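What's counted below: heavy atoms across the whole structure, side chains too, no hydrogens, waters or symmetry copies. Just so it is clear, the model here is predicted, and its values are computed rather than measured. Read the numbers this way: they start at 1 and go in the same order the structure lists the ligands and their atoms.
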Amino acid sequence: GWGYGSKNGPSHWHEQFPIAKEGSRQSPIELKNAETKYDSSLKPLTLSYDASSAKSLTNTGSSVQVDYEDGTDRLVLTGGPLCGKYRLRQFHFHWGACDDHGSEHILDGTSYSAELHLVHWNAEKYCDFAEAAKAPDGLAVIGVFLKVCNENPALQKMLSSLDCIKKKGSKVEFTDFAPCALLPPCLNYYTYLGSLTTPPLFESVIWIVLKEPITLSSEQMTKFRTLEFTGPDDPMQDNYRPPQPLKCREIRKNFQ
Ligand SMILES: NS(=O)(=O)c1ccc(O)c(NC(=O)NCCCCO)c1
Ligand SMILES: [Zn+2]
C-alpha cells in the first residue's frame with residue numbers, strides 16, 4: 001500500500017489515486033502571507049473541548065493518532081470560516097527525519113519540524129465521518145505548526161505512551177486528553193479549501209492553519225521518530241506530503 005518511501009511515497013500516489021494529479025484543491029500548499037487576503041467577515045474559532053472523550057492512541061502505520069468518541073457533540077468546532085458544527089474525530093502528526101523540516105504546510109518559506117492536524121467532521125449535515133469525508137464541506141482540519149524550542153508539557157502524556165505503540169497497527173487506551181492543551185494562545189489563522197494530505201486525498205477539507213506554532217523540545221521531537229512505519233529498521237519519519245499546486249484558490253486570513 002501507499003506510504004512515504006521511495007517506492008510508495010507521494011510521487012507514486014497518483015498511480016492508485018488519480019486525484020493526486022488531477023485534483024483542483026489538493027493539500028498541503030505553500031502559504032505566502034503577502035498573497036493572502038484579510039477577510040473581516042471571518043469569525044473567531046470557537047472550540048468547545050472537554051477532555052473526557054479521548055479514547056485511544058494508535059500507530060496507524062503512517063502517523064500517531066489519538067481517536068475521540070465522536071458519537072455525540074462533546075468536542076465541537078464552530079465559527080471561523082465554517083457553517084455549522086464540526087465534531088473532533090482524531091488528531092495526528094506529520095514530522096521530519098531532522099528538525100529543519102517535517103511540516104506539510106509551509107509558511108513564507110519556512111518548513112516547521114512537525115505539524116499537528118485536528119480532524120473534525122460536519123455533524124450538522126452528515127451522519128458520520130465516512131460520509132462527511134466525501135463531501136466538499138465535510139471536514140475541517142486545524143493545522144498547528146510545531147517548532148523545536150522549549151519542552152511542551154501537554155505533549156508529554158502522549159509521548160510517554162509511544163513505547164507501547166512502536167509497531168504499525170498497535171493501539172492503547174488513551175483517555176482524558178484535552179486537545180485544547182495543544183493549541184497556541186493566539187488562534188489567528190489562514191483558511192483555504194483543500195484535501196486530505198494522505199490517500200484517498202478526498203477534496204473535502206476546509207483547512208484552518210494557525211499562524212502561531214506550538215513548541216516542543218528536541219528530545220520530545222526525537223521521541224516521535226522512535227515509532228516504526230513497517231518494522232525495526234524503518235523509523236516513522238518524513239511522513240509528510242510536499243506542497244501541491246495552488247491552482248485557482250484564494251487563501252484568506254482573519255488577522256491584519
Ligand atoms: N492528514 S489529514 O489531511 O489531516 C487527514 C485527515 C483525515 C484522514 O482520514 C486522513 N487520511 C486517512 O484517513 N487515510 C486513510 C488511512 C490512513 C491511515 O493512517 C488524512
Ligand atoms: Zn494529517
Side-chain angles (χ1 to χ4, degrees), residues 1-5 8-10 12-14 16-17 19-20 23 25-29 31 55-68 70 75 77 82 86-96 101-106 111-123 126 128-146 158 165-171 179 182-183 189-210 214 224 227-230 234 236-244 249:
W2 64 271
Y4 293 93
N8 66 352
H12 291 275
W13 292 353
H14 71 96
Q16 195 190 347
F17 304 94
I19 201 168
R25 53 178 278 192
Q26 288 291 290
S27 291
I29 59 171
L31 300 164
K55 262 188 329 187
S56 57
L57 180 68
T58 304
N59 175 335
T60 66
S62 57
S63 183
V64 54
Q65 182 166 305
V66 174
D67 287 309
Y68 282 79
D70 65 350
L75 301 117
L77 168 65
L82 304 172
Y86 285 69
R87 218 177 263 171
L88 179 68
R89 176 173 176 81
Q90 51 105 328
F91 67 78
H92 63 271
F93 299 81
H94 304 263
W95 61 91
H101 69 280
S103 64
E104 298 211 297
H105 291 90
I106 310 231
S111 280
Y112 286 87
S113 306
E115 187 170 327
L116 160 64
H117 289 159
L118 294 141
V119 180
H120 308 74
W121 57 278
N122 187 335
Y126 306 105
D128 59 25
F129 173 80
E131 187 196 358
K134 298 189 182 76
D137 61 350
L139 305 181
V141 181
I142 298 178
V144 186
F145 293 119
L146 275 69
M158 185 196 77
I165 55 159
K166 252 172 106 75
K167 298 210 170 313
K168 176 184 174 124
S170 45
K171 180 176 183 169
L182 293 180
L183 297 174
Y189 62 84
Y190 296 95
T191 184
Y192 75 97
L193 299 181
S195 73
L196 303 181
T197 65
T198 71
L201 300 169
F202 292 149
E203 297 190 328
S204 56
V205 181
I206 297 170
W207 276 97
I208 298 167
V209 181
L210 301 189
I214 59 171
F224 279 99
L227 292 168
E228 298 170 1
F229 273 136
T230 58
D234 191 16
M236 188 179 280
Q237 55 193 22
D238 290 335
N239 55 344
Y240 64 91
R241 189 189 192 191
Q244 302 303 306
R249 287 182 282 185

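- Closer than 4.0 Å to atom 9 (O) of ligand 1 lies at least one heavy atom of the protein.
- The two atoms that bring Y86 and A140 nearest to each other are CD2-CB, 3.5 Å, heavy atoms only.
- Near V119, meaning under 4.0 Å from any of its heavy atoms, are these atoms of ligand 1: 4 (O), 6 (C), 7 (C).
- Within the 4.0 Å heavy-atom criterion, neither part of W121 lies near ligand 1.
- The closest approach of H117 to the Zn ion (ligand 2), by N/O/S atoms, is made by ND1.
- A donor-acceptor pair is defined here as one N or O able to donate and one able to accept, closer than 3.5 Å; such a pair exists between the side chain of N59 and the backbone of I165.
- Taking every heavy atom of H94 and a limit of under 4.0 angstrom, the matching atoms of ligand 1 come to 1 (N).
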Q.
Walk me through whether Y126 and D137 qualify under side-chain hydrogen bond (donor to acceptor under 3.5 Å, both in side chains).
A. CA-CA 10 Å; Y126 306 105; D137 61 350; 2.5 Å; yes
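- Residue contacts with ligand 1 include P199, since one or more of its heavy atoms lies under 4.0 Å from the ligand.
- In this structure, atom 1 (N) of ligand 1 lies nearest to the protein heavy atom T197 OG1, 2.8 Å.
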request  = Could you walk me through whether D70 and R87 pass salt bridge (Lys or Arg N to Asp or Glu O under 4.0 Å), step by step?
outcome  = CA-CA 7 Å; D70 65 350; R87 218 177 263 171; over 6 Å; no
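- Checking only distances, T198 does come within under 3.5 Å of ligand 1, N or O to N or O.
- At a 3.5 angstrom cut-off on N or O pairs, W2 does not count as close to ligand 1.
- Ring-centre distance between Y4 and W13: below the 6.0 Å cut-off.
- Checked against the 6.0 Å centroid threshold, Y192 and H105 count as a close aromatic pair.
- Atom CD of Q16 has 12 or fewer heavy atoms from other residues, nucleotides or ligands within 6.0 Å.
- Of all atoms in ligand 1, numbered sequentially from 1 with element shown, those under 4.0 Å from a heavy atom of T60 are 19 (O).
- The shortest non-hydrogen separation linking F229 to G61 is CD2-O, 3.3 Å.
- Remark: ligand 1 and S62 share an N or O pair separated by less than 3.5 Å (distance only, no angle test).
- The shortest separation from a heavy atom of R89 to ligand 1 is not under 4.0 Å, leaving the residue out of contact.
- Under 3.5 Å, the side chains of T60 and Q65 contain no donor-acceptor pair of N or O atoms.
- Proximity of W207 to ligand 1, defined as any heavy-atom pair under 4.0 Å, is confined to the side chain (atoms from C-beta onward).
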